[in-house]
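Just follow the structure's listing: the first ligand is 1, and inside any ligand the first atom is 1. Along the sequence shown, the residues carry numbers beginning at 1.
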Amino acid sequence: MCGIFAASLQQQVANQLLSGLESLEYRGYDSAGMAVLNAAGQLQLVRVAGKVANLRQRLAEQGVHGQLGIAHTRWATHGGATQANAHPHLYQGLAMVHNGIIEQQALLAQAPELAQQPWLSDTDSERLLRWLALGWRQASDKLLYLQQQLASVQGQYSLVLIDQQQPDCLWAARSGSPLVLGRSEQGAYLASDSQALQPWCHERALLDEGAVLQLQGQEWQLRDAQGQQQEPKWQGFSQQQQRVDRNGYAHYMHQEIHQQPEVLASSWQQLMTNGKPRLERLGSGAEQLLKQVKEVQILACGSSHHAALIAKYWYEAHLQLPVRVEIASEYRYRQSVCQADTLLMVISQSGETADTLAALRHARQQGYLASLGICNQAESSLAQEVDYLLLTQAGPEISVASTKALLCQLQALAWLQLAFAYVRQAPNWQHWADQLDALPESISHSLSHEQQIRQWALDLPLLPCCLVLGRGPSYPLAQEAALKLQEICYRPVLAFAGGELKHGPLALLEPGMVVIVLAGEPHLANKMAANIAEVQARGAEVWLLSEGQLPVIANRQLNLAEQDPWLAPLRLLPLVQLLAYHRALSQGELIDQPRNLAKSVTVE
Ligand code: F6R
């Protein structure tokens with residue numbers, strides 16, 4: 001998964017390509033490159049291993065000149081993060097940038113002559129370029145040729161191609177990975193997302209699935225998946241797409257953790273009207289849908305999956321609504337059973353996670369009542385493909401490790417609980433509404449413990465490994481805590497349900513080791529106290545983050561005042577976010593862009 005930025009301008013293009021890439025680095029940042037064509041058809045290629053900053057530095061040493069260019073920031077899937085594997089790839093006067101994954105064996109089986117060639121890189125993208133090059137020179141209608149050639153490609157892609165022999169032209173195609181066209185007085189642009197276009201363009205248009213585009217000077221030809229001529233669906237830019245500033249915070253992650261009370265408060269206002277859930281936020285017919293649902297199946301990956309697991313505890317306990325939760329990458333490849341009147345829910349902050357989208361598409365064949373997406377990106381593939389959409393309002397989340405987007409997902413799931421209760425005339429919805437109303441303030445209170453958590457982070461021994469325990473909804477919270485610590489601190493942190501401790505993990509304990517315990521469920525306090533005793537009996541330390549008192553003395557303890565336990569995981573979440581953040585900070589890690597990861601996982 002990678003970021004693409006390309007432009008055909010009436011001025012020098014290189015600086016804008018660089019800026020565009022910088023705003024796309026959340027999609028990958030292990031190598032970068034650009035190819036610029038001048039009017040004489042000279043193709044200048046610059047590629048580096050590492051971040052866009054390295055590319056900027058290289059370009060300062062070795063300038064490129066021209067008004068048409070393509071650029072790329074990469075997240076390695078095939079082949080290491082080397083200069084040779086960086087895009088653009090070149091072949092026979094063509095240069096191409098590609099985002100996605102191509103089933104290269106299938107491609108090479110169709111063109112055995114390609115398999116014999118010596119390759120310059122280990123990438124599937126280079127195979128794709130050579131496949132496209134096969135009949136390129138002979139093709140009189142390049143757009144038609146591109147579409148025909150891509151029709152037999154298995155996998156997903158968005159790509160932009162330039163040709164030395166046509167230095168005023170640029171071609172693009174997309175299937176399964178996003179690509180957005182932008183325009184301004186200076187020229188035309190293509191990028192992997194709208195946000196990258198916003199500083200330069202006054203309008204943008206999302207390319208439809210299967211579309212191909214030719215840009216010649218300021219003229220474009222766009223064809224849909226069926227090869228029919230299309231007009232771009234131009235739109236302006238919303239407020240949210242404006243460039244994000246760190247406002248004095250050293251890292252986006254830190255800023256995003258502290259933005260949580262504010263984004264929750266503004267989201268809450270949009271979810272309610274006159275003290276009642278604003279059901280039309282989901283789409284028309286939502287009330288009838290929520291009444292009809294007898295079961296819920298939730299699909300998601302990573303942190304979004306943890307949000308789903310927490311919601312399962314809630315909905316089964318409070319609504320008596322059966323909920324199944326599955327990791328999207330597992331669900332998509334297995335035969336599953338869909339009961340009548342089951343609502344499919346898919347959760348993804350980016351709305352572009354390849355496994356989640358594939359699971360949604362797979363589920364469509366299974367006969368669900370309807371699909372409901374929870375997503376933070378209005379323009380994402382997921383937002384376009386679901387029947388009902390609950391758009392979270394976390395705003396742009398730049399840090400790869402998700403914080404505010406996850407908390408907004410949890411708020412959305414909690415709001416759905418009260419929406420279900422409201423349409424079913426269950427008495428508790430008002431009580432839940434009151435608690436959600438108070439949530440932003442409670443999150444501010446959690447954040448006020450930052451200094452204490454920071455000290456914990458400085459003292460926390462993470463080697464040889466660290467355990468996090470939880471029970472009830474605090475168990476998925478423990479999984480989230482472990483994920484955050486792994487992601488940005490690069491240490492093995494393992495999460496377990498408290499009850500599982502004696503089924504294996506106890507063997508890991510040794511004196512000096514720290515076990516972080518999360519406890520937000522008073523009815524499980526005695527059970528968790530017993531787990532804590534088991535840990536301490538083996539000489540390990542327990543550092544307890546809790547809401548309400550436990551009948552136990554932990555080695556360290558931060559206790560939030562007891563409230564109705566329903567939203568306790570949300571109130572404990574900022575504490576684990578801050579713990580991971582300050583730990584990574586003390587280790588001197590690159591917090592916003594952890595190694596080997598990317599913000600939006602658009603490949604399998
Ligand atoms: C963790 C994190 C990832 C994402 C996962 C799914 O901090 O951000 O685990 O939660 O990649 O991403 P979305 O929600 O975009 O589908």
**Item:** Atom indices of ligand 1, in the order listed, that fall short of 4.0 Å to a heavy atom of Ala401
**Value:** 7 (O)
**Asked** Who pairs with Trp456 by ring pair (Phe, Tyr, Trp, His ring centres under 6.0 Å), at least two apart in sequence or on another chain?
**Response** Trp543
**Prompt:** Under 4.5 Å between any side-chain heavy atoms of Ser336 and Gln366, yes or no?
**Reply:** yes
**Request:** Note the single closest protein heavy atom to atom 11 (O) of ligand 1, along with its residue, its atom name and the distance in Å.
**Result:** Val601 CG2, 4.0 Å
**Request:** Please say whether Glu480 places an N or O atom under 3.5 Å from an N or O atom belonging to ligand 1.
**Result:** no
**Any N or O of Thr356 closer than 3.5 Å to N or O of ligand 1** = no
**Request:** Go through ligand 1 atom by atom and flag the ones less than 4.0 Å from a non-hydrogen atom of Ser402.
**Result:** 7 (O), 8 (O)
**Request:** Within a distance under 4.0 Å of any heavy atom of Val400, pick out the atoms of ligand 1 and give their elements.
**Result:** 8 (O)
**Message:** Between His254 and Tyr581, is the ring centroid distance below 6.0 Å?
**Reply:** yes
**atom 15 (O) of ligand 1: nearest protein contact (heavy atom, Å)** = Ser350 OG, 2.7 Å
**Asked** Among protein heavy atoms, which lies nearest atom 4 (C) of ligand 1, and at what distance?
**Response** Ser303 N, 4.0 Å
Check: residues 487-496 side-chain donor-acceptor pairs under 3.5 Å, at least two apart:
| unit_1 | atom_1 | unit_2 | atom_2 | d |
| --- | --- | --- | --- | --- |
| Glu487 | OE1 | Lys484 | NZ | 3.3 |
| Tyr490 | OH | Arg595 | N | 2.9 |
| Arg491 | NH1 | Cys489 | O | 3.3 |

**Asked** Of Gln297, Arg334, His305, which meets side chain to side chain donor-acceptor pair (under 3.5 Å) against Glu326?
**Response** Arg334
**Asked** Within the distance-only criterion (no hydrogens, no angle test), does the side chain of Arg583 pair as donor or acceptor with the backbone N or O of Ala457 below 3.5 angstrom?
**Response** yes
**Item:** Numbering as shown, the atoms of ligand 1 that approach Ser304 to under 4.0 Å (heavy-atom distance)
**Value:** 10 (O), 13 (P), 14 (O)
**Asked** Given side chains that start at C-beta, do those of Gln349 and Cys375 come closer than 4.5 Å, heavy atoms only?
**Response** no
**Request:** Consider only side-chain N and O atoms of Glu450 and His582, and report whether a donor and an acceptor are under 3.5 Å apart.
**Result:** yes
**Asked** Which protein heavy atom lies closest to atom 5 (C) of ligand 1, and at what distance to 0.1 Å?
**Response** Cys301 O, 3.8 Å
**Message:** For atom 16 (O) of ligand 1, what is the closest protein heavy atom, and at what distance to 0.1 Å?
**Reply:** Thr353 OG1, 2.5 Å
**Message:** Tell me whether ligand 1 is touched by Lys484 - counting only heavy atoms on the residue side and a distance under 4.0 Å.
**Reply:** yes
**Message:** Under the side chain to side chain contact (heavy atoms under 4.5 Å, CB included) test against Met253, which residue among Ile591, Val400, Leu578 passes?
**Reply:** Ile591
**For Leu483, the ligand 1 atoms whose distance to one of its heavy atoms is below 4.0 Å** = 1 (C), 9 (O)
**Request:** Please could you name the atoms of ligand 1 that Glu487 approaches to less than 4.0 Å, counting only its heavy atoms?
**Result:** 1 (C), 2 (C), 7 (O)
